[in-house]
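Notes to accompany the following structure.
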6 protein chains.
Amino acid sequence: MSDPNRQKLIDQIAGSLPIPQEIRAEFAAFTADTVMLGAWGREELSARDRSLITIAALTALDRPHELEIHVGLGLTNGLSREDICEIVMHMAVYGGWPVAVEGMRTLKRVFEGLDQS
Amino acid sequence: MSDPNRQKLIDQIAGSLPIPQEIRAEFAAFTADTVMLGAWGREELSARDRSLITIAALTALDRPHELEIHVGLGLTNGLSREDICEIVMHMAVYGGWPVAVEGMRTLKRVFEGLDQS
Amino acid sequence: MSDPNRQKLIDQIAGSLPIPQEIRAEFAAFTADTVMLGAWGREELSARDRSLITIAALTALDRPHELEIHVGLGLTNGLSREDICEIVMHMAVYGGWPVAVEGMRTLKRVFEGLDQS
Amino acid sequence: MSDPNRQKLIDQIAGSLPIPQEIRAEFAAFTADTVMLGAWGREELSARDRSLITIAALTALDRPHELEIHVGLGLTNGLSREDICEIVMHMAVYGGWPVAVEGMRTLKRVFEGLDQS
Amino acid sequence: MSDPNRQKLIDQIAGSLPIPQEIRAEFAAFTADTVMLGAWGREELSARDRSLITIAALTALDRPHELEIHVGLGLTNGLSREDICEIVMHMAVYGGWPVAVEGMRTLKRVFEGLDQS
Amino acid sequence: MSDPNRQKLIDQIAGSLPIPQEIRAEFAAFTADTVMLGAWGREELSARDRSLITIAALTALDRPHELEIHVGLGLTNGLSREDICEIVMHMAVYGGWPVAVEGMRTLKRVFEGLDQS
């Protein structure tokens, strides 16, 4: 990625994630390089596939804040609401019912927010 | 379980768990069949014993929302408040102090809610 | 699923999973009903998509025995070896490097086993 | 607990747990005071109840080495093999299928070891 | 530690942690003996080193309530804000980005609270 | 880091970690850039401090393979065996006894291996 685009990405992350100012620039750059350019930037898997596996992992690991972000991204990347519901339901089996119920709680909040906007 | 009772159970779950409408009926049915009828419905262990192990696991795994529900159920199933406090304290050793403190926080909230109602 | 097919599935599970005889038949039936028929049996998500999210979750949760089984199933369900490698690499970001390295260890063992057979 | 009994307990732990010599005496004493005297020594819950919740937590957290020890202790504390199987099966719902299958693997090994001795 | 000091410590814990009254005195004593006197009281590692490893573990395990307390203690024990930011950033690699972002959220809240007081 | 040194680092990782050949070069490069250059390469925290927090996290998260590597690195980075034992013992409190016992098992194996070599 060319330097101006990388810097734009870093600024975007620094502006949206809750990072203390003492390390904001560095952690945003680290996140841009690793998460965005290093993982999501690889073309060997489609964006839809990466959304599927990211939503699955965030549900299984019980990370509601990140899940909320990735539900929105998943819709952009071609997943339907029904697809996302299926991922979370599938996780009941692999991570246990409590993480699936937490995931459903997050989906409900995100979907209802979209319906009201 | 006869069909009308199963359906009543599904309706109850659909009405109480935070599930998006896109999958509400299916996830409620899956939960009724697996959690209620499949696990809790087995008579090889008493309801009191199942409450003991469920509260232990939810504390150790740090699942406060589900723990809150199961503290109430545990009281119904024959556990005293003191028994439930002992379970959470025991988990300090197996899951670490932070999960026990989180568990205590949940117990305090539930017990004080009961005292005020 | 008709009764004879369900019974065949239960027998297969009872014959392949490491279950003590004291509960073998019951746990195999519970697994068939919930994991196979309840989750994998739903047609709202393709088998390839279910393999993607299952491999992601098992890597993130660090469950090497189950991962080994699901790498083989994933190949059957249309994932390439490269796809599966990408899933595990993506998990470095969401579950941390140690779970990704463990996942890679499992992939290496499974792939080399296939090459030698 | 009187000093001679505490010291005997510490020696027993130092002789059975895999602890490097550099900290063996201190970690054994810390374990005796916290795990044995601090948690298990409390009489507010029966030994059978403590075995129930310990086996549940160790299964849900996927700690096979400790689980192996506590299956043996559970049998001594009044749990039947069938009870222990039920605990592990119940954990499929709360911790997910992979931790229950791992738990079953441990039970199978312990029970078959007992049958052969 | 002499008895009056231990009792003072117990009272302090009982007054600050969210513990239901049914077990407040016992859990506070257990915490004083194990966490404060048993672990933190050992002089083989400096208080600064113990703050480093505690903040690392609480971030990696995603325990925001306890992390909040230990950020404050870490500053008292000689860590700078920049040191603490580095610990949390380092955990992105070992526990995954979501736990690091949660950690950053906690640091931001604590540091901004200190700036406003 | 200049290109030749980065490439040497990548080759070293590709030669030592268990990575399937299908993704060996890419995952080694991703690891070099993120783990080695991105995290460990930052000078805001000493190598000794980074070893302290890495060993703490790997113990708390129960990652024995990675822990084994980092015990050796910790000794190189200025930690004594006694320091490392203290970290693992401290984790009994924050991650629970079972992860500390697993950590002790790893330390014992590594230390005894060093004594015999």
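Just so it is clear: chains get the letters A, B, ... in the order the sequence lines come, proteins before strands, and each one is counted from 1. Since the structure is predicted, the reported quantities are computational estimates derived from the model, not experimental observations.
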Please state whether the side chain, the backbone, both or neither of Ile55(C) comes within less than 4.5 Å of a heavy atom of chain A.
-> neither

So how far is it from Leu45(C) CG to Cys85(A) SG, rounded to the nearest 0.5 Å?
-> 11.0 Å

Separation between CG of Asp49(A) and CG of Leu79(C), rounded to the nearest 0.5 Å = 8.0 Å

Side chain, backbone, both or neither: which part of Arg48(A) has an atom under 4.5 Å from a heavy atom of chain C?
-> side chain

By a 4.5 Å heavy-atom criterion (distance strictly below it), what part of Arg50(C) contacts chain A: side chain, backbone, both, or neither?
-> both

Spatial distance of atom CG (Leu61(A)) from atom OH (Tyr94(C)) [nearest 0.5 Å] = 11.5 Å

If you look at every heavy atom in Ile53(C) and Leu52(A), which pair is closest and at what distance?
-> CG2-O, 3.5 Å

Spacing of CE belonging to Met89(C) relative to CZ belonging to Arg42(A), to within rounding of 0.5 Å = 4.0 Å

What option among Thr34(C), Thr54(C), Thr59(C) has the most heavy-atom pairs under 4.5 Å with chain A?
-> Thr54(C)

Region of Glu44(A) that comes under 4.5 Å of a non-hydrogen atom in chain C = both

Please check if atom CD in Gln7(C) has more than 12 non-hydrogen atoms from other residues, nucleotides or ligands closer than 6.0 Å.
-> yes

